[in-house]
Amino acid sequence: MEVRSRAPGKIILAGEHAVVHGSAAVAASIGLYTSVTLRFPSPSDNDDNTLTLHLKDVGLEFSWPIGRIKEVLPDSINTIASSPTTCSPETIKLLSKLVEEHKIPESQIGIASGVIAFLWLYISIQGNKPATITVSSELPLGSGLGSSAAFCVSLCGAFLASSDSVKVDFGQNGWVAFGEKEQQLANKWAFEGEKIIHGKPSGIDNTVSTFGNLIKFKSGDLTCIKSNMILKMLITNTKVGRNTKALVAGVTERKKLIKFKSGDLTCIKSNMILKMLITNTKVGRNTKALVAGVTERKNRHPDAMTSVFTAVDFISNEFASIIQSSSPDDLEKEQKVEELMQMNQGLLQCMGVSHASIETVLRTTLNYKLTSKLTGAGGGGCVLTLLPSLLSGTIIDKVIEELEECGFQCLIAEIGGNGLEICFDGLL
Ligand SMILES: Nc1ncnc2c1ncn2[C@@H]1O[C@H](COP(=O)(O)OP(=O)(O)O)[C@@H](O)[C@H]1O
Ligand SMILES: C[C@@](O)(CCOP(=O)(O)O)CC(=O)O
Ligand SMILES: [Mg+2]
């Protein structure tokens, strides 16, 4: 039996880091996916009693005899697929032992936490069954586009789709979304995986990767917005990590906004056209370390940092209301969005998560009177640039050219598309 799943990356339009400390944030899924293939051995493969993980993006393969997993985890993991559970520090230690039995080059050591998350999610949902899992991604890893969440969500999608606790219609062709209950379950499990990779995630990345679209998020509170505005983002990457090929996808038009709160869906219409260019800088960095750094700064300066997070909360809420507003004055809305992005970037600098490469993108785009802010954890990674609707294509080409001359990489990706999807027919 074979099942495939895919889950998108994301951009955070406003509120990263502050969202970890309870502020609101606004995020959108992007049309770049992490894909997982899960295959259980057929009865004729009776020698195949291993759990194998192929990580195509980093060229690494891990394989454990099921007997070895049982030896290291003698009490087995007593979780049930329908009940997402946090991995205890003791179990993380045991799973690390399994990962350390494989050589991961020092330059790729960040992958270890992803493999531990994989083991936790697989064994928790599927138990000690032999299987081969292959992961590949269109997302640059560790660049602020939520590859860790897309990794966890796509894994959970495949594991749950082939478990008894989720009812899926095997008869459907092509990519299909889970029902809402199954989406919630995949989202909760993915959050448990993100905890292993990020330390203290807010949950925004796994949520937008699971549900897709455009969302306003506050811990324990989610507003999911589908819009008919055109959001174009340029991603700039600072090239210290691996080379990422330019990926260009279409820009979609969305018909309505969906407000989603505790399981309730409310549709909201929007007429605004907001063009965003996503720019990706390619300086490698680690979300866990950056999130921990902000928390340490908060511990050192609790009052000042609480004020910063409160300001971000206002920015995110205002950002969300502007893009949902029915006012026909797009110019005014764009100017407000630009100001909010500028303010958010300033506050991210206060949190200590900007980087020289990000500042270079800010300066370069400012030469064209364009506003940018980092997206995701910062410290390098990706930067967003707002493209006002009256901006000419020639200017956009010039900005991209100049950014690429700095060694960065620019991509335009679809914003606010589908979330987690599953495919059983093997045709895609
Ligand atoms: N396709 C993938 N293959 C292997 N590991 C992955 C993949 N995608 C994400 N990961 C894991 O997620 C980590 C990157 O997550 P993070 O630092 O949060 O950056 P981001 O989520 O912005 O890409 C990687 O170091 C790895 O552990
Ligand atoms: C910094 C943060 O707000 C977003 C991190 O995103 P990314 O892993 O850099 O793509 C952390 C979080 O919300 O969990
Ligand atoms: Mg991440």
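Residue numbers run from 1 in the order of the sequence given. Computation of the quantities below employed the complete heavy-atom set of this structure, encompassing side-chain atoms and omitting hydrogens, waters and symmetry-equivalent molecules. All ligand and atom numbering here is 1-based and tracks the order in the structure.
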request  = Report, in ascending order of atom number, the atoms of ligand 1 lying under 4.0 Å from any heavy atom of R285.
outcome  = 17 (O), 19 (O), 22 (O)

message = Does H54 form a side-chain hydrogen bond (donor to acceptor under 3.5 Å, both in side chains) with T132? I'd like the steps, not just the answer.
response = CA-CA 8 Å; H54 293 278; T132 300; 5.7 Å; no

message = Less than 4.0 angstrom from a charged side-chain N to a carboxylate O is my criterion; do K195 and E192 meet it?
response = yes

query = Which one holds for V115 and ligand 1: side chain close, backbone close, both close, or neither close, with close meaning a heavy atom under 4.0 Å?
reply = neither

remark   = When distances are taken from atom 9 (C) of ligand 1, the protein heavy atom at minimum range is S147 OG, 3.2 Å

query = Do any N or O atoms from the side chain of R285 and from the backbone of G378 form a donor-acceptor pair under 3.5 angstrom?
reply = yes

message = What I'd like to find out is whether the side chain of I66 reaches to under 4.5 Å of the side chain of P130, using heavy atoms alone.
response = yes

Check: D303 main-chain N/O paired with S307 side-chain donor or acceptor under 3.5 Å = yes

query = Distance-only, no hydrogens or angles: does the T375 side chain make a donor-acceptor pair with backbone N or O of I12 under 3.5 Å?
reply = yes

request  = Determine yes or no for a side-chain-to-main-chain donor-acceptor pair under 3.5 angstrom, with T295 supplying the side chain and V291 the backbone.
outcome  = yes

note = Residue, atom and distance of the protein heavy atom nearest atom 16 (P) of ligand 1 read T287 OG1, 3.2 Å

request  = May I ask you to say whether K93 pairs ionically with E90, meaning some side-chain N is under 4.0 Å from a carboxylate O?
outcome  = no

inquiry  = Closer than 4.0 Å to some heavy atom of L145 - which atoms of ligand 1 meet that?
reply    = 22 (O)

ask   = For ligand 1, is K56 a contact, meaning one of its heavy atoms is under 4.0 Å away?
value = no

message = Under 4.0 Å, heavy-atom basis, I'd like to know which part of H198 is in contact with ligand 1: side chain, backbone, both or neither.
response = side chain

message = Counting only nitrogen or oxygen atoms and a 3.5 angstrom limit, does A149 reach ligand 1?
response = no

ask   = Can you tell me which residue and heavy atom of the protein come closest to atom 10 (N) of ligand 1, and the distance to 0.1 Å?
value = F151 CG, 4.1 Å

ask   = Counting distance only, does the side-chain N/O of E318 pair as donor-acceptor with the main-chain N or O of V337 below 3.5 Å?
value = no

Let me have the donor-acceptor pairs involving side chains of residues 341-351, under 3.5 Å, with sequence neighbours excluded, atom names and distances please.
{"residue": "N344", "atom": "OD1", "partner": "G15", "partner atom": "N", "Å": "3.0"}
{"residue": "Q345", "atom": "OE1", "partner": "L374", "partner atom": "N", "Å": "2.8"}
{"residue": "Q345", "atom": "NE2", "partner": "S354", "partner atom": "OG", "Å": "3.4"}
{"residue": "Q349", "atom": "NE2", "partner": "E359", "partner atom": "OE1", "Å": "3.3"}
{"residue": "Q349", "atom": "NE2", "partner": "E359", "partner atom": "OE2", "Å": "2.7"}

ask   = Which ligand 1 atoms are under 4.0 Å away from a heavy-atom of S113?
value = 27 (O)

ask   = To which protein heavy atom is atom 22 (O) of ligand 1 closest, and what is the distance rounded to 0.1 Å?
value = G144 N, 2.8 Å

key: Identified side chain to side chain contact (heavy atoms under 4.5 Å, CB included) counterpart of I116 within the set L94, T91, I196   = I196

message = Working note: S219 + S202, criterion side-chain hydrogen bond (donor to acceptor under 3.5 Å, both in side chains); need CA distance, chi angles, decisive distance, verdict.
response = CA-CA 6 Å; S219 313; S202 64; over 6 Å; no

inquiry  = For atom 24 (C) of ligand 1, which of the options P140, G110, G114 provides the nearest non-hydrogen atom?
reply    = G110

Ligand 1 contact on S137 by region, counting heavy-atom pairs under 4.0 Å = side chain

ask   = In H198, which N, O or S atom comes closest to the Mg ion (ligand 3)?
value = NE2

inquiry  = Among all protein heavy atoms in this structure, tell me which lies nearest to atom 19 (O) of ligand 1, with the distance rounded to 0.1 Å.
reply    = G142 CA, 3.2 Å

query = Do any of the N/O/S atoms of S147, backbone or side chain, fall under 2.8 Å from the Mg ion (ligand 3)?
reply = no

task = Below 4.0 Å from any atom of ligand 2, which residues have a heavy atom? Give them in chain and number order, please.
result = K10, I12, E16, H17, V19, V20, G144, L145, G146, H198, P201, S202, I204, D205, R285, T287, V291, G376, A377

task = Name the closest protein heavy atom to atom 15 (O) of ligand 1, giving the residue it belongs to and the distance to 0.1 Å.
result = S148 CB, 3.2 Å

ask   = Side chain or backbone of L55 under 4.0 Å from ligand 1, or both, or neither, by non-hydrogen atoms?
value = side chain

ask   = For ligand 1, does S143 get within less than 4.0 Å through its side chain, its backbone, both, or neither, judged by non-hydrogen atoms?
value = backbone

Approximate separation, where rounding is to 0.5 Å, of S29 OG and I415 CD1 = 8.0 Å

Non-neighbouring partners of S5 that pass side chain to side chain contact (heavy atoms under 4.5 Å, CB included), sequence neighbours left out = V36, S154, A158, L420, I422

ask   = Taking only residues at least two apart or on different chains, which pairs with a member in residues 5-29 satisfy salt bridge (Lys or Arg N to Asp or Glu O under 4.0 Å)?
value = R6-E421, K10-D205, E16-K373

remark   = Closest to atom 13 (C) of ligand 1 among protein heavy atoms sits I197 CG2, 4.1 Å

query = So is there a nitrogen or oxygen of D57 less than 3.5 Å from a nitrogen or oxygen in ligand 1?
reply = yes

ask   = So F159 and Y122, would you call those rings parallel, tilted or perpendicular, with 30° and 60° as cut-offs?
value = perpendicular

